[in-house]
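What follows is a short report on a single structure.
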Amino acid sequence: MTLNKSRVHSNIGGKSGRSGEILAQKLFAEGIQNQQVLQAIARSPRHIFVPEILAHKAYDNTALPIGQGQTISQPYIVAKMSELLLAGGTPGSILEIGTGSGYQTSILAQLTNRVFSVERIKSLQWQAKRRLQAMDLHNVSMKHGDGWQGWASKAPFEAIIVTAAPNQVPQALLEQLSDNGRLVIPVGEQQQVLKIITRKGDQFHEQQVEAVRFVPLVPGTLL
């Protein structure tokens, strides 16, 4: 795989730019094929999305704690879920449930025209917004709310990604999918499975991808 270095974001560069490229190379070796996704990984400074004490692990292919009982997902999972979203074509807008650190959000913002991201923990949302501004990514709208309810006023969405695991697929998210839209979501409690759900009219077609491990998708909001 050859990454187009000229497309690496100008605000990154230096060590983090090289580290991002190395991480993208690792993910390619792990089976991630979509070049848009790999380019986004390569030019994203993952170290700004983790606590400073863990910055030395930022470009490892591992999940890391970010506080409030939440984690920044393993880069492979971020890339895999992003790749699955794009498999049906590039969506005009994406709904993300679970902003968290904002890292997945930053990848999505480089892949589509508009990202709508919902986060139940206000402090995490505020920090994520600052990081995205630092990356000069301004095509993201954020909402402090209950991810189980989605973002009905902005629906329908061609693609929805959920970065925490509910015990069942939230009905509101299915209803907010556009026709031919796809939902990428981990589902389960003790055992979780990453699923792709595609809407065809009033029918929903489900495909299981692989076993995963996410924090639970908790209903409600926190100030």
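Small disclaimer: the values here were computed from a predicted structure and weren't measured.
Rounding to the nearest 0.5 Å places CG of Leu132 at 5.5 Å from CZ of Phe49. Taking CG from Asn34 and NZ from Lys80, the interatomic distance works out to 11.0 Å, rounded to the nearest 0.5 Å. Here Leu38 contributes atom CG and Gln25 contributes atom CD; the two are 8.5 Å apart, rounded to the nearest 0.5 Å. Taking NZ of Lys154 as the start and OG of Ser141 as the end, the distance is 6.0 Å to the nearest 0.5 Å. Rounded to the nearest 0.5 angstrom, Lys122 NZ and Gln127 CD are separated by 12.5 Å. With rounding to the nearest 0.5 angstrom, the CG atom of Asp202 is 10.5 Å from the CD atom of Glu175.
Checking side-chain atoms of Gln125 against main-chain N and O of Gly145 turns up no donor-acceptor pair under 3.5 Å. Without hydrogens or angle criteria, Arg199 side chain to Asp179 main chain gives no donor-acceptor distance under 3.5 Å. Under the 3.5 Å distance criterion, the side-chain polar atoms of Thr112 are matched with a main-chain donor or acceptor of Pro91. In terms of modelled atom types and a separation under 3.5 Å, the side chain of Asp60 and the main chain of Thr62 share no donor-acceptor contact. A donor-acceptor distance shorter than 3.5 angstrom exists from the side chain of His144 to the backbone of Arg120, with no hydrogens or angles considered. Of the possible polar contacts, none joining the Thr71 side chain to the Pro65 backbone as a donor-acceptor pair under 3.5 Å is found. With hydrogens and angles disregarded, a donor-acceptor distance shorter than 3.5 Å links the side chain of Glu158 to the backbone of Gly92.
Heavy atoms only, all atoms of each residue included: Glu119 and Gly98 are closest at OE1-C, 3.6 Å. Here the shortest heavy-atom pairing between Phe214 and Thr163 reads CD2-O, 3.2 Å. Across every non-hydrogen atom of Thr90 and Gln36, the tightest pair is OG1-OE1, 4.1 Å. The shortest heavy-atom contact between Met81 and Pro186 is CE-CD, 4.3 Å. For the residue pair Ala128 and Gly100, the shortest heavy atom distance occurs at CB-O, 3.8 Å. Taking every heavy atom of both residues into account, Pro166 and Ile185 meet most closely at CG-CD1, 3.7 Å.
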- request: Dump the intermediate steps for side-chain contact (heavy atoms from CB on, under 4.5 Å) on Ser101 and Val50, then the final yes or no.
  value: CA-CA 7 Å; Ser101 70; Val50 303; over 6 Å; no

task: Go through the steps to decide whether Ile97 and Leu173 satisfy the test side-chain contact (heavy atoms from CB on, under 4.5 Å), and finish with yes or no.
output: CA-CA 9 Å; Ile97 302 301; Leu173 300 185; 4.1 Å; yes

task: Take His138 and Asp136, measure what side-chain contact (heavy atoms from CB on, under 4.5 Å) needs, and give me the verdict at the end.
output: CA-CA 6 Å; His138 302 291; Asp136 201 26; 2.7 Å; yes

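For the pair Arg46 and Tyr103, the cation-pi criterion (under 6.0 Å, within 45° of the ring axis) is fulfilled.
Neither Val115 nor Phe157 shares a network with the other; the hydrophobic side chains, linked directly or stepwise wherever heavy atoms of I, L, V, M, F, W or Y lie under 4.5 Å apart, form separate groups for each. In terms of hydrophobic clustering, with Ile, Leu, Val, Met, Phe, Trp and Tyr side chains grouped at heavy-atom distances under 4.5 Å, Ile94 and Leu177 are assigned to different clusters. Neither Leu217 nor Met142 shares a network with the other; the hydrophobic side chains, linked directly or stepwise wherever heavy atoms of I, L, V, M, F, W or Y lie under 4.5 Å apart, form separate groups for each. Under the 4.5 Å side-chain heavy-atom criterion for grouping Ile, Leu, Val, Met, Phe, Trp and Tyr, Trp148 is connected to Phe204 within one hydrophobic cluster. When hydrophobic clusters are built by joining Ile, Leu, Val, Met, Phe, Trp and Tyr residues whose side-chain heavy atoms come closer than 4.5 Å, directly or via intermediates, Ile66 is not grouped with Val118.
In this structure, Trp151 and Phe116 have perpendicular ring planes: the angle between them is above 60°, well past the 30° mark.
Counting heavy atoms from C-beta outward, Arg182 and Ile197 have side chains that stay 4.5 Å or more apart. Two residues are said to be in side-chain contact when any heavy atoms from C-beta on lie closer than 4.5 Å; Met135 and Pro45 meet this criterion. The side-chain heavy atoms of Ile41 and Ser44, taken from C-beta on, include no pair separated by under 4.5 Å. Looking at heavy atoms from C-beta onward, His47 lies out of side-chain contact with Ser19 at the 4.5 angstrom threshold. Gln192 places none of its side-chain heavy atoms less than 4.5 Å from the side chain of Val187. Side-chain contact between Asn139 and Asn113 is absent, with no heavy atoms from C-beta onward closer than 4.5 Å. Annotation: side chain of Gln68 is in contact with side chain of Ser123 (closest heavy-atom distance under 4.5 Å). Taking 4.5 Å as the limit, every side-chain heavy atom of Tyr59 sits out of range of all side-chain heavy atoms of Ile22.
The side-chain hydrogen bond (donor to acceptor under 3.5 Å, both in side chains) with Thr105 is formed by just one residue from the set Arg131, Glu96, Lys129; it is Glu96. Applying side-chain contact (heavy atoms from CB on, under 4.5 Å) to Leu183 and the options Ile161, Leu84, Leu95, Leu174 leaves one that passes, Leu174. Remark: of the listed residues Val37, Leu111, Ile196, Leu108, Leu108 is the sole one forming a side-chain contact (heavy atoms from CB on, under 4.5 Å) with Leu85.
Within the structure, salt bridge (Lys or Arg N to Asp or Glu O under 4.0 Å) pairs that include any residue of residues 204-222 comprise Lys195-Glu206 (at least two apart or interchain).
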